[in-house]
Amino acid sequence: MGAAAIAAAVLALLLRRADGLPQATPNPRSLHARPVPRVGGLAIWAGALPAFATVAFLAPMDALAWMPAWMVLLLVSLRDDVRGLAIAVRLAAHGACAIWFALWVVPTGGAGPAVFTVHVLVAALLVAWSLNLYNFMDGNDGLAAWMTIAGFAAYGVAAMDSTSMSLASVAVAFATLPFLLVNRPPARIFMGDVGAVPLGFLAGTFGVAGVLHGLWGVWFPVLVFLPFVADATLTLLRRAWRRERWWEGHRSHYYQRLHQLGAGHAGTLAVYAALILGTSVTAVLCARIAPEWGWRVLLAWCAVLALPFGAIDYHWARKSTGTP
């Protein structure tokens, strides 16, 4: 609860000075119609920081795997929110931080250099994709905040055998609660890259670390964050197939199309919040009660998500062709 109290106090200060904060201005690729301040993620990190400091004291070697990289991403993303950075600089920072984590967390064991290198690259790619997909999905009021609360709470419950990871995850979830209250439709403040990018990094690093430390199976973090993973991954593949400039801003994610089809911020949040709650709660129950069912449950949820995604594609195609 201390994380939530600190975050709420920092949010109050930010909102009192909202006119002087960096603004997210409307553009053809955004879903909002007025400028909104966009560094609310700072409140989340202020709330989580005491727990992070405790983790660094309790498990300094584990913290070294993610905390320095998290700090770098926070600073780089804040600079991007304030003045903007070239995409090459951002991607270089993302890649370097992902590789830093992978070099720390991937065990050497008896594996040769080639096998170790492959494992490092795979872990780094997963983390780099996680931090970017989280940023891609932060476009509808309340969406990324709700995913953060549900996702990191799921990590915290499932990682109870690891005090440090559970503490850090629960702190992030609690620190995001006050932010959700001011980010729900109509949003008074956005988390910005300073919130979304480091959150995506932690979602990826904690997920990978949990797998390597035996806390859960590979299926678990994928299932927890499945609505984000599925939406962002399918959208990227579709844009790459069409040879579009996938790294540029757009409005072709499923959640963006649902919004444009008439659901708006509130309707889109309601649909995705239900899906997020379903996948995260199911993942925790499965991890604690029947982990051997993990992959089958993940496949079942993929089938469930195919229904709303298919409906969105159908209605979007009809809208695009002008079919009544």
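These numbers were taken from a predicted model, which means no experiment stands behind them.
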Nearest heavy-atom approach of A93 to L73 is O-CD2, 4.1 Å

Rounding to 0.5 Å, atoms CD1 (I44) and CG (L180) come to a distance of 9.5 Å

Test item: F152 and V170 side chains (from C-beta on) under 4.5 Å apart, heavy atoms:
no

Exactly one of Y155, W146, W129 clears ring pair (Phe, Tyr, Trp, His ring centres under 6.0 Å) with F225, and that residue is Y155

Quick one: does D80's side chain have a donor or acceptor within less than 3.5 Å of a partner on L85's backbone? yes

Worksheet item: Do W66 and F201 have ring centres separated by under 6.0 Å?
Response: no

Q) Does any N or O in the side chain of N183 come within less than 3.5 Å of the main-chain N or O of F179, such that one atom is a donor and the other an acceptor? A) no

**Prompt:** Sub-3.5 Å donor-acceptor pair from the side chain of W100 to the main-chain atoms of L64, do we have one?
**Reply:** yes

Using the rule given for side-chain contact (heavy atoms from CB on, under 4.5 Å), can you reason through L74 versus V194, listing the C-alpha separation, both sets of side-chain angles and the distance that settles it, and then say yes or no? CA-CA 5 Å; L74 190 155; V194 72; 4.0 Å; yes

Distance col, row R238:CZ vs E244:CD, nearest 0.5 angstrom, shows 8.5 Å

Self-check item: Donor-acceptor contact below 3.5 Å, side chain W316 vs main chain Y254
Solution: no

| said: Donor-acceptor pair, distance only, cut-off 3.5 Å: does the side chain of D81 make one with the backbone of D193? | reply: yes

Output for pair (L269 CG, R184 CZ), nearest 0.5 Å, gives 10.5 Å

query = Do the side chain of Q23 and the main chain of A18 share a donor and acceptor less than 3.5 angstrom apart?
reply = yes

One should read off an interatomic distance between T282 OG1 and W293 CH2, to the nearest 0.5 angstrom, of 13.5 Å

Output for pair (C286 SG, R296 CZ), nearest 0.5 Å, gives 9.0 Å

Nearest heavy-atom contact between F228 and A144 is CZ-CA, 3.8 Å

Report the C-alpha separation of F52 and L202 in whole Å, then their side-chain angles, then the decisive distance to 0.1 Å, and conclude whether the side-chain contact (heavy atoms from CB on, under 4.5 Å) test is met. CA-CA 12 Å; F52 288 0; L202 293 186; 3.8 Å; yes

| Step-by-step side-chain contact (heavy atoms from CB on, under 4.5 Å) determination, Q260 to R251 | CA-CA 9 Å; Q260 295 170 80; R251 297 207 298 178; 3.4 Å; yes

* To do: Indicate yes or no: at least one non-hydrogen side-chain atom of M191 is less than 4.5 angstrom from one of L199.
  => yes

So ring pair (Phe, Tyr, Trp, His ring centres under 6.0 Å) across residues 262-292, not counting sequence neighbours, yields H259-H265

Q.
Check whether H32 reaches the backbone of A187 with its side chain - one donor and one acceptor, N or O, closer than 3.5 Å.
A. no

Q) Are V208 and F101 close enough, and set up right, to give a side-chain contact (heavy atoms from CB on, under 4.5 Å), and what steps lead you there? A) CA-CA 10 Å; V208 171; F101 164 78; 4.0 Å; yes

- Query: Do side-chain atoms of T25 reach the backbone of P35 as a donor and acceptor pair under 3.5 angstrom?
  - Reply: no

>> Check whether Y255 reaches the backbone of G139 with its side chain - one donor and one acceptor, N or O, closer than 3.5 Å.
In response: yes

*Main-chain N/O of P113 paired with T117 side-chain donor or acceptor, under 3.5 Å*: yes

Residues A154 and F220: closest non-hydrogen pair is O-CZ, 3.9 Å

Does R257 reach the side chain of K319, with side-chain heavy atoms less than 4.5 Å apart? no

Correct closest heavy-atom pair for T279 and P227 would be OG1-CD, 3.5 Å

Margin query: Would you say L58 ends up clustered with V105 if hydrophobic residues are merged whenever their side chains have heavy atoms under 4.5 Å apart, either directly or through other cluster members?
Written below: no

Taking every heavy atom of A56 against every heavy atom of A63, the minimum-distance pair comes out as CA-CB, 3.8 Å

Taken to the nearest 0.5 Å, the spacing of L126 CG from T205 OG1 works out to 11.5 Å

* Asked: Do other residues, nucleotides or ligands put more than 12 heavy atoms under 6.0 Å from the CZ atom of R79?
  -> yes

Requested in this report: Look at atom CG of D19 and say whether more than 12 heavy atoms of other residues, nucleotides or ligands are closer to it than 6.0 Å.
Outcome: no

Shortest non-hydrogen pair, A150 vs S280, comes out as CB-OG, 3.7 Å

